[in-house]
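The structure is given below, and queries will be raised subsequently.
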Number of protein chains: 2
Amino acid sequence: MAIVERKDRELHAKHAARAHDQRERILDAARRIVMREGLAALSMRKIADAIGYSPASLYLYFAGRDEIAEALGREGYAQLLAQLEPLTLIADARERLHALAHAYVAYGCDHPQTYELIFMAHKARSEHVGPAARRQRNALDAADAAGAPEAGAALACGVQLFAATLSVLTPASGARIDCAVLAQTLWATLHGVVMLTLARAGSQHVAPGLLIDTTLDAWFGARAAAATSPTAQAPGLAS
Amino acid sequence: MAIVERKDRELHAKHAARAHDQRERILDAARRIVMREGLAALSMRKIADAIGYSPASLYLYFAGRDEIAEALGREGYAQLLAQLEPLTLIADARERLHALAHAYVAYGCDHPQTYELIFMAHKARSEHVGPAARRQRNALDAADAAGAPEAGAALACGVQLFAATLSVLTPASGARIDCAVLAQTLWATLHGVVMLTLARAGSQHVAPGLLIDTTLDAWFGARAAAATSPTAQAPGLAS
DNA sequence: GTCTATATACTGATAGAC
DNA sequence: GTCTATCAGTATATAGAC
């Protein structure tokens with residue numbers, strides 16, 4: 001009996017590992033497609049072609065296209081947080097906030113497709129969808145209820161990163177401002193900068209880095225110049 | 001000869017007017033669909049069904065779906081500007097800026113589909129598209145070159161509205177800031193507030209009006225209270 | 001001018017053979 | 001577990017009859 005149980009366990013573990021590997025293969029292919037052609041171009045057929053599967057087989061590992069996209073979004077969000085987190089170690093609050101803000105926008109501008117994926121989860125849920133997608137959505141909602149982190153909560157957790165730093169800074173204006181609200185406001189600004197930069201809106205375009213600096217300067221006054229290297233900023237952004 | 005010419009002119013005018021009417025009918029139907037079901041649900045079939053046409057007939061008046069969507073976007077932008085323009089008459093600069101900012105965000109939040117249309121033109125041009133859409137795009141670019149206002153330039157013109165007001169206000173911080181850059185920054189913030197509000201991102205959501213007030217307070221200090229009606233703000237936003 | 005009919009190329013998703 | 005074959009849609013776009 002013990003032998004049978006052990007064999008059974010091993011078999012299950014093997015299957016689980018294999019299933020996990022297949023999910024990874026699918027996600028890898030999906031990620032490549034989204035990076036190359038954008039989220040809108042992601043389809044089950046393309047993923048299947050990329051890994052030499054039939055479209056039908058994908059449904060053994062994912063409930064549907066939306067679940068794959070959501071998994072990619074979660075990945076992207078973790079990646080964004082991973083880039084921001086080490087910056088919280090910067091001692092000077094002013095510099096820390098500066099670095100966080102620039103890094104956030106740099107990430108969004110450097111990885112537009114990933115950034116889109118991160119915010120897609122919200123839109124997908126509030127949009128009108130066809131009957132098939134609706135069925136799919138119900139399945140996803142059930143998965144959420146079962147313990148998967150809700151995307152809104154995940155994003156809010158990112159805002160905490162800013163709130164902690166903002167709490168030890170005082171605006172140049174005399175206004176007393178709730179630092180949680182200030183964090184949301186800053187986040188909105190950064191999000192807006194990313195969106196406008198990606199949309200290339202406004203013919204005479206202002207560099208995203210300058211927009212961030214302008215906001216922080218308007219809030220807290222110009223930074224003490226020269227004390228720190230003025231060009232040491234997040235990569236990918238000429239400010 | 002004169003009679004023939006006149007008849008010819010009349011005939012042309014009649015045809016042009018009729019074509020214009022048909023375009024309007026098509027745009028009306030398209031607008032209704034977008035308002036009800038979102039931009040993604042806009043299709044030639046649905047428009048044709050709505051006005052009792054065959055899909056083929058629509059191609060007599062528009063080059064394709066994208067041209068219809070772009071026309072709607074232009075309409076929406078004009079509508080947005082029309083709502084902002086009267087506010088430029090407010091005498092007090094501080095109040096004027098406040099009213100403009102709230103009205104901008106209110107418009108975006110109250111008309112999410114129209115707001116999406118306004119910004120869609122940019123995305124559509126920078127995204128990967130199929131061969132048919134590419135052909136279509138070339139036609140549109142040609143139309144632009146022929147004199148149609150470019151969407152980027154149009155949006156930039158909206159920013160001028162803010163720049164004019166910002167030029168007569170001084171930030172609470174001592175920082176000297178280019179008012180054109182400040183206008184772009186404010187615009188980014190307002191755009192971000194709209195986007196985040198529409199995405200309902202962040203579980204514990206902060207009211208959009210509060211985010212705007214927080215930005216303006218951080219920039220220029222808290223408003224002189226009580227002097228003006230504190231609740232007289234743009235419609236649709238409980239701040 | 002408007003239609004029907006059709007071409008072409010997709011999509012997500014499923015049933016059932018192997 | 002994977003496949004083929006297919007369903008039931010979607011789309012843009014065009015040719016040719018009336």
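Just so it is clear: chains get the letters A, B, ... in the order the sequence lines come, proteins before strands, and each one is counted from 1. The structure displayed is predicted, hence computed values, not measured ones.
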* Spacing of B:L39 atom CG relative to D:dA11 atom C1', expressed in whole Å -> 14 Å
* **Identified side chain to side chain contact (heavy atoms under 4.5 Å, CB included) counterpart of B:V193 within the set B:L211, B:L198, B:V206, B:T214** =>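 Running side chain to side chain contact (heavy atoms under 4.5 Å, CB included) over B:L211, B:L198, B:V206, B:T214 with B:V193 returns exactly one hit, B:L211.
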* Mind checking whether A:Y115 and A:Y104 have parallel, tilted or perpendicular rings, split at 30° and 60°? ->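 Judged by the thresholds at 30° and 60°, the geometry between A:Y115 and A:Y104 is perpendicular.
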* Salt-bridge test for B:D28 and B:R25: reply yes if a basic N is under 4.0 Å from a carboxylate O, no otherwise. => no
* Would you kindly give the CZ-to-P distance between A:R45 and C:dG12, to the nearest whole Å? =>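 Checked: the CZ to P distance equals 8 Å.
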* Name the nucleic acid region contacted by A:I47, choosing base, sugar-phosphate or nothing; use a 4.0 angstrom heavy-atom cut-off, strictly under. => nothing
* Asked: Rounded to whole angstroms, how far apart are CG on A:D49 and C1' on D:dC3?
  -> 14 Å
* To do: Output yes when A:E70 and A:R74 qualify as a salt bridge under the 4.0 Å nitrogen-oxygen rule, no when they do not.
  => yes
* From the list D:dT2, C:dA15, D:dA13, which nucleotide is the closest neighbour of the side chain of A:S57? ->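 So the nucleotide nearest the side chain must be D:dT2.
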* **Backbone of A:L42 reached by a side-chain donor or acceptor of A:R65 within 3.5 Å** => yes
* Asked: Atom CZ of B:R65 and atom P of D:dA11: how far apart are they, to the nearest Å?
  ->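 Rounded to whole Å, this separation is 9 Å.
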* **Nearest-angstrom distance from the residue atom CD of B:E67 to P of D:dA13** =>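 The distance from CD of B:E67 to P of D:dA13 comes to 10 Å, rounded to the nearest Å.
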* Asked: Between A:I68 (CD1) and C:dA13 (P), how many Å, whole number?
  -> 9 Å
* To do: Give the rounded distance in Å between these two atoms: CG of B:L58 and P of C:dT4.
  => 13 Å
* To do: Looking only at side-chain atoms of A:Y59, point me to the closest of D:dT12, D:dC3, C:dG12.
  => C:dG12
* Out of C:dG1, D:dT2, C:dG12, which has the shortest distance to the side chain of A:Y61? -> D:dT2
* Should A:R36 and A:I33 count as side-chain neighbours, where that means a heavy-atom distance under 4.5 Å? -> yes
* Hey, can you pull the residues of residues 17-29 of chain A with a non-hydrogen atom under 4.0 angstrom from DNA chain D? ->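 Here the set is A:R18, A:Q22.
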* Structure fact -> Of the candidates D:dC3, D:dG1, C:dG12, the side chain of A:M44 sits closest to C:dG12
* Asked: So, is A:Y53 close to the D:dT2 phosphate, meaning a side-chain N or O under 4.0 Å from OP1 or OP2?
  ->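 Checking A:Y53 against D:dT2: at least one side-chain N or O falls below 4.0 Å of OP1 or OP2.
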* Between C1' of D:dC3 and CD1 of A:I51, the distance in whole Å -> 14 Å
* Please determine if a side-chain N or O atom of A:S43 lies less than 4.0 Å away from the OP1 or OP2 oxygen of C:dT11. => yes
* Asked: Checking side-chain hydrogen bond (donor to acceptor under 3.5 Å, both in side chains) for the pair A:Q79/A:Y107: CA distance, chi angles, key distance, verdict?
  -> CA-CA 9 Å; A:Q79 197 185 350; A:Y107 183 88; 3.2 Å; yes
